[in-house]
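Everything on this sheet refers to the single structure shown next.
In what follows, chains carry the letters A, B, and so on, assigned in the order in which the sequence lines appear, proteins first and then strands, with residues in each chain numbered from 1. Excluded from the calculations below are hydrogen atoms, water molecules and symmetry mates; all remaining heavy atoms, backbone and side chain alike, are included.
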Protein chains: 2
Amino acid sequence: MSTDALANPDLTAIFDAVEFRDAYRISYITNAILVPSYDAIKRDFGLIRAEYLLLLCLAHYPVLSAKDVAKMTRRPRNSISRAVHRMLAVGYIQRAPDPDDGRQAKLTITPDGRTLHTQIAEVLRARQQTVFEPLNDSERTALDALLTKLAVHASTLDT
Amino acid sequence: MSTDALANPDLTAIFDAVEFRDAYRISYITNAILVPSYDAIKRDFGLIRAEYLLLLCLAHYPVLSAKDVAKMTRRPRNSISRAVHRMLAVGYIQRAPDPDDGRQAKLTITPDGRTLHTQIAEVLRARQQTVFEPLNDSERTALDALLTKLAVHASTLDT
DNA sequence: CAGAACATGTTCCATTTGGAACAATACTGC
DNA sequence: GCAGTATTGTTCCAAATGGAACATGTTCTG
């Protein structure tokens with residue numbers, strides 16, 4: 001086996017060279033969690049990303065509109081619209097017209113949907129554990145505080 | 001205007017309720033950086049995600065194979081293959097056969113490609129700055145150390 | 001060395017995605 | 001109240017995506 005640069009470049013050197021250092025790291029870590037998780041969710045439960053995001057949102061709010069889900073997940077409205085129709089068809093969510101606004105509909109999760117969400121959340125929780133394994137308790141506490149601050153700030157951007 | 005839950009639910013409440021707390025936060029922050037950035041990159045420079053990721057990798061290594069880029073970016077090989085062909089066609093990268101291995105090709109960035117990368121990196125750097133704005137210097141230092149540790153660990157997973 | 005197993009990159013094709021136009025409803029300013 | 005504007009959700013269509021099979025080349029095993 002040859003040992004020149006092409007054969008085995010150090011593929012982590014970019015961590016120190018990239019122009020947007022922390023954005024690159026954050027994105028890399030996100031991919032390490034989500035790519036294998038979403039592969040497993042599609043394989044084991046047959047849900048695509050927008051469908052699971054919809055279920056996730058509804059699992060944590062009593063009622064939401066499709067617009068709310070689109071805003072929370074930063075996905076286009078039509079992707080959410082399709083996910084709503086598929087999740088309705090398989091009985092994981094329910095929809096009722098909003099008496100106060102004829103444009104919107106009130107979406108809620110069903111017991112079946114909640115059961116599925118619980119199983120899927122476990123996939124993500126387990127993968128999170130694997131990726132976060134090197135951090136000790138105080139590091140986790142510190143990271144959590146920093147991420148919370150950033151996430152809350154990010155939620156105010158692009159209204 | 002009505003003030004019931006559907007009208008204006010607090011869309012950040014999920015931050016505290018979600019089963020994979022830090023994974024959710026990290027993913028949310030990543031989206032807040034990358035979604036607007038990639039929209040701008042497509043609009044202003046006409047590059048899709050795999051194409052820019054290819055350019056980004058080649059901007060930081062003298063030579064890489066398509067396989068290396070796929071591994072670094074966790075994208076399927078065929079997406080990278082397509083990106084290589086398009087970036088070759090527009091002159092942002094070059095390709096040479098690897099004399100040591102007939103299956104691989106050595107990819108390098110061209111001066112034009114590097115110029116474009118510099119412009120695109122600035123888009124991402126600026127958006128990173130916006131999202132990270134609430135952190136002070138010591139918080140940034142702490143976050144950087146934690147993210148580095150996680151990213152290096154993640155790079156060893158799923159070899 | 002021959003054959004099997006593996007690695008790399010490409011093509012094919014079905015699925016997923018998202019922009020744009022649209023229909024229906026609600027809001028705004030006069 | 002009415003005309004114009006904005007919002008919500010849907011449909012249409014073109015583009016992006018990724019799994020699987022394939023072609024070519026390399027490595028392993030006996």
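- Atom-to-atom, CG of B:Asp39 to C1' of C:dG19 comes out at 10 Å; the value is rounded to the nearest Å.
- A salt bridge links B:Arg21 with B:Asp16: the closest approach of a Lys/Arg side-chain nitrogen to an acidic carboxylate oxygen falls below 4.0 angstrom.
- Shown are A:Arg82, A:Arg75, A:Arg86; of these, the salt bridge (charged side-chain N to carboxylate O under 4.0 Å, His left out) with A:Glu51 is made only by A:Arg86.
- For B:Ser81 and B:Asn78, the side-chain atoms include no donor-acceptor pair closer than 3.5 Å.
- When rounded to the nearest whole Å, the span between CZ of A:Arg49 and P of C:dT17 equals 8 Å.
- Computed from coordinates, the A:Asp98 CG to C:dA24 P distance equals 19 Å when rounded to whole Å.
- Taking atom CG of residue B:Asn31 and atom P of nucleotide C:dG18, one finds them 10 Å apart after rounding to whole Å.
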Nucleotides 7-12 of chain D: protein proximity per nucleotide (B base, S sugar-phosphate only, - neither; heavy atom, under 4.0 Å): BBBBB-

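- Here ring pair (Phe, Tyr, Trp, His ring centres under 6.0 Å) pairs that include residues 59-79 of chain A, with residues two or more places apart or in two chains, are A:His60-A:His117.
- The phosphate of C:dT17 (OP1 or OP2) has no side-chain N or O of A:Ser79 nearer than 4.0 angstrom.
- Using a 4.0 Å cut-off between a side-chain N of Lys or Arg and a carboxylate O of Asp or Glu, B:Lys149 and A:Glu139 qualify as a salt bridge.
- B:Asp112 and B:Thr110 share no side-chain donor-acceptor pair at under 3.5 Å.
- Nearer the 5' end of DNA chain C, as judged by each residue's closest nucleotide, is the contact made by A:Lys42, out of A:Gly102 and A:Lys42.
- The existence of a salt bridge linking A:Arg140 and B:Asp22 is excluded, since no basic side-chain nitrogen approaches an acidic carboxylate oxygen closer than 4.0 Å.
- Taken over five-pair windows at either terminus, the axes of the helix from C:dC1-D:dG30 to C:dC30-D:dG1 are inclined to one another by 40° (rounded to 10 degrees).
- Heavy atoms of A:Arg86 sit under 4.0 angstrom from primed sugar atoms or phosphate atoms, though from no base atom.
- Between the side chains of A:Ser65 and A:Asp68, at least one donor-acceptor pair of N or O atoms lies under 3.5 Å.
- When rounded to the nearest whole Å, the span between NZ of B:Lys106 and P of D:dG25 equals 18 Å.
- Summarising the geometry, the separation between CD1 on B:Ile41 and C1' on D:dA15 is reported as 18 Å, rounded to the nearest angstrom.
- Ring pair B:Phe15/B:Tyr28: centre-to-centre distance below 6.0 Å.
- Counting to the nearest Å, the C1' atom of C:dT17 and the CZ atom of B:Arg75 are 13 Å from each other.
- As rounded to whole Å, 18 Å separates atom P of D:dA16 from atom OH of B:Tyr52.
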